[in-house]
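Comments concern the structure below.
Order of the sequence lines sets the chain letters (A, B, ...), proteins ahead of strands, with each chain counted from 1.
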Amino acid sequence: MTAGSWDEVWEVVREIPAGKVMNYGGVARLLSRPLSARAVGWAMAECPSDVPWHRVVNVKGVCSTDAVDGAEIGRQRRRLEAEGVTFVNGHVDMRRHLWSPEDDV
DNA sequence: CCATTGACGAAGA
DNA sequence: TTCTTCGCCAATG
């Protein structure tokens with residue numbers, strides 16, 4: 001990233017309030033790197049434990065990690081539901097929980 | 001340095 | 001509306 005590290009990415013993810021979610025492209029956009037959505041995903045894989053990576057989903061509102069786990073129900077989905085995030089037809093209700101910095105203001 | 005892969009996204013068929 | 005293809009960034013072999 002611009003800072004030369006993923007610290008900025010994690011910092012943005014930490015800003016996401018509970019009950020809200022954001023997509024990888026959105027995080028990348030906040031970092032002035034709209035085309036680095038994929039790279040952001042990599043940062044999530046290596047994110048520290050203090051980062052709520054579960055609040056980051058793809059633009060479809062589906063938890064990519066759930067596909068990885070596959071066998072078990074998405075741990076990410078469980079955590080989001082615990083925070084008040086509602087799921088619709090197997091995907092997050094982006095219409096209600098898609099967060100943006102302006103929303104926090 | 002080149003090829004492959006991956007927690008992505010937008011565009012085309 | 002769903003599936004497929006291409007493009008982008010970073011990491012790994």
Do any N or O atoms of the protein come closer than 3.5 Å to N or O atoms of nucleotides 9-13 of chain B, and which pairs are they?
from, atom 1, to, atom 2, distance (Å)
B/dG9, OP1, A/Gly25, N, 3.3
B/dG9, OP1, A/Val59, N, 3.3
B/dG9, OP2, A/Val59, N, 2.8

Integer-rounded Å distance: [N] [atom2] and [X] [atom1]:
X	N	atom1	atom2	value
A/Asn89	C/dT2	CG	C1'	14 Å
A/Glu46	C/dC9	CD	P	21 Å
A/Trp53	B/dC8	CH2	P	13 Å
A/Leu31	C/dC9	CG	P	14 Å

Counting only N and O atoms by type, is there a donor-acceptor contact under 3.5 Å from the side chain of [X] to the main-chain atoms of [Y]?
X	Y	answer
A/Arg55	A/Ile16	yes
A/Glu83	A/Pro17	no
A/Trp10	A/Ala43	yes
A/His97	A/Gly19	yes

When you measure from the side chain of A/Trp42, which nucleotide among B/dA7, C/dA10, C/dA11 comes out closest?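 Per side-chain heavy atoms of A/Trp42, the pick is C/dA11.
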Residue pair A/Val12 / A/Leu31, side-chain heavy-atom distance below 4.5 Å: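 Yes; the side chains approach each other to less than 4.5 Å.
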Tell me whether the NZ or CZ atom of A/Arg77 lies within the 45° cone about the ring axis of A/Phe87 and under 6.0 Å from its centre.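 Yes, A/Arg77 lies over the aromatic ring of A/Phe87.
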Are OP1 or OP2 of B/dC8 and a side-chain N or O of A/Ser64 less than 4.0 angstrom apart?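 A/Ser64 to B/dC8 OP1/OP2: side-chain N or O found under 4.0 Å.
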